[in-house]
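To start, the structure under review is shown below, and the notes come after it.
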Amino acid sequence: PTNNENFFPAIEYNLPFKAKKIYRVNHHYAHALSSFTFGIEPEVHIVIDGFGDMNKAWTVFKDDRILDQGYLDQHGSIGIEMSRAGKWLGLQGSDYDLAGKVMALQAYGKMDLGYLSTLKEFSIKNINEIFSLDRWFKYNNGSHVGRLRPLDWIRTVHYKIEEVLVDFFSQYANENTKISYTGGVALNIVWNTALRNKFKHIMIPPHVNDEGLSLGALDWLRRKNGLPLRIYKQFIKDFPYVQNDEAPKDKPTKKTIQIAANYINEGKIVGWYQGHGEIGPRALGNRSILCKQNSLRFKTKVNKIKKREEFRPFGGATAIYPERGDKYMLSTTKHGGKAIRHIDKTSRVQTVRPEDNKLFYELLIKLKELYVLNTSLNIQGKPICGKIQEAIDLFYNSSMDCLIVGKMKKKEKGRKWDGRSRPSTDLYKKNWNEIFGNKNVVVTEPSFVSRDYSNEDPNNTITNNDGTRTDKVSDKS
């Protein structure tokens with residue numbers, strides 16, 4: 001219904017043919033309702049993103065009604081301006097990813113307190129002015145000097161938005177108010193940390209971006225049909241590992257978990273694919289790349305796999321200090337080693353309890369270090385692996401040392417792939433000896449593969465036990 005786009009809470013499509021009823025739920029309202037996964041009814045819902053229906057940049061809901069709204073053309077949009085800033089800073093990638101990259105890059109800049117004071121009068125209704133490059137150039141006596149200080153500009157502007165958000169939330173809530181905060185802007189862990197320091201009962205789900213819209217639409221149908229919240233009992237129990245993706249048939253045994261821990265303790269890079277995937281863009285222990293975090297060399301090695309920019313930090317996980325992080329990795333802490341510590345000495349750490357993810361918890365407590373580097377099982381620009389085959393392909397086309405999927409099972413040395421989960425390129429049709437030499441190969445059910453290049457020489461070949469040489473598998477295969 002293009003003549004009625006400013007709707008709330010939903011609108012029905014009148015189709016010219018017989019069909020089941022189709023409703024379109026207000027974009028920001030769907031974001032707000034997606035917080036049902038906490039099992040608690042918030043007193044206030046605040047949604048901030050790039051834009052929603054009919055030019056909306058943010059919306060505040062209370063008692064199932066719109067309390068206040070902001071408009072893209074009148075007030076500007078934090079989400080859109082962060083993406084534009086990313087482009088001006090020369091960052092590459094999807095518009096949806098640029099805001100997260102800007103969040104990381106701004107920490108390399110220096111706060112300009114003089115410029116910050118010129119932004120003092122602005123609020124969430126002046127986002128365009130806060131991000132104005134013309135204002136920045138004028139402050140620097142022209143664009144020539146201003147363009148030489150891009151990181152100082154974004155560092156100062158980013159901090160100003162932090163102040164703006166705290167002031168904005170204070171208009172509708174106090175420190176004891178139960179707040180639901182969603183929308184893509186809620187992925188910014190720096191701003192989230194400032195908000196959590198002020199508002200003790202703020203709830204930020206892992207699916208704050210548009211991944212959560214389907215959940216909000218589902219909850220609108222529940223409400224419309226007068227169904228109780230308890231119908232989600234099992235869903236909430238399984239949350240956030242509720243992706244409709246491919247799960248291994250078997251769970252890892254204690255032996256499998258110990259093998260994975262041993263590999264990590266030895267400094268190897270481990271791919272970990274268990275159960276159903278987590279919802280949201282953060283790795284929460286079912287679709288993860290894991291390794292030690294006590295040295296920057298591990299960050300370099302994982303960046304080679306992920307193909308990410310070097311300035312971007314990786315997340316971590318711990319089962320030892322549940323108070324030193326956030327279960328959904330949506331705020332910052334000052335703990336962890338060099339590989340997960342950002343330039344500003346902060347890190348984002350997932351805290352894991354047995355009731356959160358039993359298998360991941362059991363792995364973490366077997367590690368020698370208190371923290372582990374934990375990043376999503378994918379490469380930049382690609383979705384997190386949702387099929388076992390995708391995980392296998394990622395493993396073979398990267399420098400990961402091993403991949404664990406489901407229940408571990410030993411496999412004979414030199415045996416060909418059995419075809420049940422055959423990788424998709426010709427490389428994997430080779431005999432194991434042709435690829436690895438006479439090395440030990442361990443696989444899970446359906447796939448766990450390890451490789452050891454300790455015997456490689458500078459000529460990019462592997463020396464076999466019989467003295468012959470075979471080509472090393474290329475990291476760019």
Side-chain angles (χ1 to χ4, degrees), residues 7-11 23-49 52-53 56 58-70 124 165-166 168-188 191-242 278-280 282 284 322 326-331 351 353 355-356:
F7 59 90
F8 174 81
I11 193 167
Y23 299 93
R24 177 179 169 187
V25 182
N26 178 281
H27 183 94
H28 282 178
Y29 193 49
H31 270 306
L33 294 182
S34 73
S35 62
F36 76 82
T37 53
F38 287 101
I40 300 172
E41 186 64 36
E43 298 172 72
V44 176
H45 295 272
I46 297 178
V47 182
I48 309 174
D49 59 8
D53 297 302
K56 305 294 192 311
W58 51 265
T59 307
V60 181
F61 300 96
K62 187 173 183 179
D63 300 326
D64 283 328
R65 62 184 180 87
I66 296 175
L67 196 61
D68 202 357
Q69 295 181 118
I124 199 167
L165 289 174
V166 172
F168 175 60
F169 276 61
S170 298
Q171 296 177 38
Y172 309 100
N174 58 47
E175 62 180 18
N176 296 315
T177 304
K178 296 174 184 176
I179 308 169
S180 158
Y181 178 35
T182 53
V185 172
L187 284 174
N188 189 302
W191 299 336
N192 289 352
T193 303
L195 290 168
R196 281 189 163 147
N197 289 338
K198 173 77 172 181
F199 306 99
K200 305 305 180 184
H201 301 289
I202 189 170
M203 294 175 282
I204 310 175
H207 52 265
V208 293
N209 57 351
D210 284 358
E211 290 185 46
L213 292 176
S214 58
L215 296 182
L218 178 68
D219 197 54
W220 180 80
L221 283 175
R222 177 190 70 82
R223 292 166 179 251
K224 184 178 185 299
N225 290 281
L227 299 175
L229 190 63
R230 66 174 179 271
I231 67 171
Y232 295 135
K233 183 178 179 180
Q234 187 60 46
F235 183 89
I236 292 175
K237 181 181 179 181
D238 296 337
F239 189 83
Y241 309 99
V242 293
E278 46 270 64
I279 187 171
R282 301 280 191 258
L284 300 176
D326 171 75
K327 67 186 296 184
Y328 297 140
M329 214 183 290
L330 285 169
S331 58
T351 56
R353 298 174 175 84
E355 60 270 26
D356 298 329

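As a basis for the values below, the full set of heavy atoms in this structure was taken, side chains included, without hydrogen atoms, waters or symmetry mates.
A pairwise comparison of heavy atoms in His201 and Glu175 identifies CD2-O, 3.8 Å as the closest pair. Across Pro240 and Leu284, no two heavy atoms sit closer than the pair CG-CD1, 3.8 Å. Closest heavy-atom contact between Gly280 and Glu211: N-OE1, 3.0 Å. Scanning all heavy atoms of the two residues, the minimum distance from Val208 to Tyr181 falls at CG1-O, 3.7 Å. When every heavy atom of Phe199 is checked against every heavy atom of Val166, the shortest pair comes out as CZ-O, 4.0 Å.
Evaluation of the side-chain contact (heavy atoms from CB on, under 4.5 Å) rule for Asp49 yields His27, His28, His31 as partners, not counting sequence neighbours. Evaluation of the side chain to side chain donor-acceptor pair (under 3.5 Å) rule for Asn197 yields no partner, not counting sequence neighbours. Under the ring-ring contact (aromatic ring centres under 6.0 Å, His included) criterion, Tyr328 pairs with no residue at all, not counting sequence neighbours. For Thr177, the side-chain contact (heavy atoms from CB on, under 4.5 Å) test picks out Glu43, Val44, Ala173, Asn174, Ile179, with sequence neighbours left out. Legend: residues meeting side chain to side chain donor-acceptor pair (under 3.5 Å) with Thr351, ordered by chain and number and at least two apart, are absent. Taking the side chain to side chain donor-acceptor pair (under 3.5 Å) definition, one finds that Asp219 meets it with Arg222, Arg223, Tyr232, sequence neighbours left out.
Side-chain atoms of Thr59 and Phe8, non-hydrogen and from C-beta on, never get closer than 4.5 Å to each other. Ile66 is listed as a side-chain neighbour of Phe61, based on a closest heavy-atom distance under 4.5 Å. Considering only heavy atoms from C-beta on, Thr37 comes within 4.5 Å of His207 through its side chain. Here the side chains of Ile48 and Ile124 are in contact, with some heavy-atom distance below 4.5 Å. Counting heavy atoms from C-beta outward, Leu229 and Glu41 have side chains that stay 4.5 Å or more apart. Within the 4.5 Å cutoff, side-chain heavy atoms of Phe36 are placed close to those of Phe235. With a 4.5 Å cut-off on side-chain heavy atoms, Ser35 and Met203 do not count as touching. Between Asn188 and Leu165 there is no side-chain heavy-atom pair separated by less than 4.5 Å.
The backbone N or O of Leu330 sits less than 3.5 Å from a side-chain atom of Asn192, completing a donor-acceptor pair. Checking side-chain atoms of Asn26 against main-chain N and O of Phe7 turns up a donor-acceptor pair under 3.5 Å.
If you take CG on Leu67 and NZ on Lys62, they are separated by 7.0 Å, rounding to the nearest 0.5 Å. Separation of atoms NZ (Lys327) and CE (Met329) is listed at 13.0 Å; rounding is to 0.5 Å. Atom CG of Leu195 and atom CZ of Phe168 lie 10.5 Å apart (nearest 0.5 Å). The structure places CG of Asp64 at 7.0 Å from CG of Leu33, a figure rounded to the nearest 0.5 Å. How far CG of Asp68 is from OH of Tyr172: 3.5 Å, rounded to the nearest 0.5 Å. Between the OG1 atom of Thr182 and the OH atom of Tyr29 there is a distance of 12.0 Å, given to the nearest 0.5 Å.
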- prompt: Does the side-chain contact (heavy atoms from CB on, under 4.5 Å) test come out yes or no for Arg196 and Asp326, once each step is laid out?
  reply: CA-CA 11 Å; Arg196 281 189 163 147; Asp326 171 75; 2.9 Å; yes
task: Run the numbers on Phe239 and Ile279 for side-chain contact (heavy atoms from CB on, under 4.5 Å), then give the verdict.
output: CA-CA 8 Å; Phe239 189 83; Ile279 187 171; 3.5 Å; yes
